[in-house]
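All values reported here derive from a predicted model rather than from experimental measurement.
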Amino acid sequence: MALLPILCYPDPKLHTVAKPVPSVDARIKTLISNMLETMYDAKGIGLAATQVNVHERLIVIDVSESRQEALVLINPQLLWCSEQTHMNEEGCLSVPGIYDGVLRHDAIKIRAQDAQGQLREIEADGLLAVCIQHEMDHLLGKVFVEYLSPLKRNRIKSKMLKSQREARD
């Protein structure tokens with residue numbers, strides 16, 4: 001397994017729309033392992049392949065306390081979402097140190113392949129529903145800060161660019 005570099009906002013590659021995973025082969029299984037290791041190392045609860053500069057429809061998630069309940073979603077499709085929404089405080093491994101409120105559906109139902117390529121339907125609410133929606137946005141080339149006002153988004157962009165410059169110096 002290997003740690004993968006995580007793209008940081010406002011990297012334009014984060015806006016790439018992911019293509020379907022053609023098959024769950026050895027390459028994808030290695031990518032899943034590497035993404036899980038990267039997510040756990042970064043203390044995250046979700047990671048989309050887009051964030052590691054692989055533009056395929058693959059997400060790894062673990063919202064468990066034990067950090068032993070990894071969920072792999074390959075080619076996820078949203079089947080249903082509740083009318084009820086809730087403002088949730090979100091952060092992102094691609095936007096380190098930034099947290100803000102995003103309106104998300106309270107409950108969702110998705111269909112996706114698991115790490116073995118088996119098709120599954122998953123109903124989720126609470127933190128898992130929020131995380132799945134957040135990560136599915138990444139597959140569409142959308143970062144959570146795009147839900148914020150242009151003023152907040154520009155402040156975050158400036159802050160991120162400044163910290164990236166300082167890290168290089």
Side-chain angles (χ1 to χ4, degrees), residues 4 6-9 14-24 28-29 31-52 54-150 152-153 156:
L4 303 170
I6 298 172
L7 298 175
C8 280
Y9 182 80
L14 286 168
H15 299 295
T16 305
V17 176
K19 294 181 176 5
V21 172
S23 65
V24 182
I28 291 298
K29 289 181 180 189
L31 179 59
I32 290 167
S33 295
N34 291 341
M35 285 176 61
L36 283 167
E37 183 178 352
T38 301
M39 177 187 72
Y40 289 131
D41 182 72
K43 312 277 188 275
I45 60 171
L47 186 67
T50 301
Q51 294 175 271
V52 294
V54 176
H55 304 286
E56 293 183 85
R57 296 184 55 76
L58 170 60
I59 294 168
V60 297
I61 291 174
D62 191 342
V63 297
S64 70
E65 290 286 324
S66 66
R67 310 296 281 152
Q68 299 287 317
E69 298 175 34
L71 180 63
V72 175
L73 304 174
I74 300 170
N75 298 323
Q77 299 172 284
L78 185 64
L79 301 176
W80 171 86
C81 52
S82 66
E83 289 183 24
Q84 297 80 21
T85 57
H86 194 93
M87 186 66 71
N88 300 280
E89 186 85 356
E90 292 188 24
C92 181
L93 294 176
S94 291
V95 194
I98 304 294
Y99 300 89
D100 213 315
V102 177
L103 196 63
R104 299 282 187 191
H105 297 280
D106 287 352
I108 61 169
K109 183 176 182 178
I110 64 162
R111 180 182 298 130
Q113 291 171 277
D114 63 18
Q116 287 70 46
Q118 298 301 310
L119 207 54
R120 300 176 52 197
E121 287 190 2
I122 298 167
E123 293 183 23
D125 58 12
L127 181 59
L128 180 58
V130 170
C131 190
I132 290 171
Q133 291 171 81
H134 176 108
E135 299 307 331
M136 284 182 71
D137 275 352
H138 278 300
L139 301 181
L140 299 172
K142 190 168 188 175
V143 181
F144 89 98
V145 297
E146 292 170 49
Y147 288 101
L148 307 178
S149 71
K152 277 188 177 180
R153 198 168 45 247
I156 292 167

### Message
side-chain contact (heavy atoms from CB on, under 4.5 Å), that's the test. Do Thr50 and Val54 meet it? Break it down for me.
### Response
CA-CA 5 Å; Thr50 301; Val54 176; over 6 Å; no

Side chains of [X] and [Y] in contact at under 4.5 Å (non-hydrogen atoms):
| X | Y | value |
| --- | --- | --- |
| Val60 | Met39 | yes |
| His105 | Gln133 | yes |
| Ile156 | Arg153 | no |
| Gln116 | Val24 | no |
| Leu58 | Leu73 | no |
| Ile110 | Met136 | yes |
| Ser149 | Lys152 | yes |

### Query
Got a sec, which pairs hit salt bridge (charged side-chain N to carboxylate O under 4.0 Å, His left out) with one end in residues 54-76, sequence neighbours left out?
Arg27-Glu56

If you take all heavy atoms of [X] and [Y], which pair is closest and at what distance?
| X | Y | result |
| --- | --- | --- |
| Ala112 | Pro76 | CB-CA, 3.7 Å |
| Ala48 | Met35 | C-CE, 3.6 Å |
| Tyr99 | Gly91 | CD2-CA, 3.5 Å |
| Arg120 | Leu71 | NH1-CD1, 4.0 Å |

Gap separating the [atom1] atom of [X] from the [atom2] atom of [Y], nearest 0.5 angstrom:
| X | Y | atom1 | atom2 | result |
| --- | --- | --- | --- | --- |
| Tyr9 | Glu146 | OH | CD | 6.0 Å |
| Ile45 | Leu93 | CD1 | CG | 9.0 Å |
| Asn34 | Leu47 | CG | CG | 11.0 Å |
| Asp100 | Glu90 | CG | CD | 9.5 Å |
| Leu140 | His138 | CG | NE2 | 11.0 Å |
| Ile108 | Cys81 | CD1 | SG | 8.0 Å |

Residues 121-128 side chain polar contacts: donor-acceptor under 3.5 Å, at least two apart:
{"residue": "Glu121", "atom": "OE1", "partner": "Lys109", "partner atom": "NZ", "Å": "3.3"}
{"residue": "Glu121", "atom": "OE2", "partner": "Arg111", "partner atom": "NE", "Å": "3.4"}
{"residue": "Glu121", "atom": "OE2", "partner": "Arg111", "partner atom": "NH2", "Å": "2.9"}

### Task
Step through the shown structure and confirm whether more than 12 heavy atoms of other residues, nucleotides or ligands are within 6.0 Å of NZ on Lys29.
yes

### Query
Is there a side-chain contact (heavy atoms from CB on, under 4.5 Å) between Ile59 and Ile61 once you walk through the steps?
CA-CA 7 Å; Ile59 294 168; Ile61 291 174; 3.6 Å; yes

### Message
Could you go through Ile28 and Ile74, starting from their C-alpha distance and side-chain angles, then the distance that decides it, and tell me whether this counts as side-chain contact (heavy atoms from CB on, under 4.5 Å)?
### Response
CA-CA 9 Å; Ile28 291 298; Ile74 300 170; 4.2 Å; yes

### Query
Given Ser94 and Ile6, is the side-chain contact (heavy atoms from CB on, under 4.5 Å) satisfied, shown in steps?
CA-CA 6 Å; Ser94 291; Ile6 298 172; 3.7 Å; yes

### Message
Does Lys142 qualify as a cation-pi partner of Tyr147, given the criterion of NZ or CZ under 6.0 Å from the six-membered ring centre and within 45 degrees of its axis?
### Response
yes

### Message
Any carboxylate oxygen within less than 4.0 angstrom of a Lys/Arg side-chain nitrogen, looking at Asp137 and Arg104?
### Response
yes

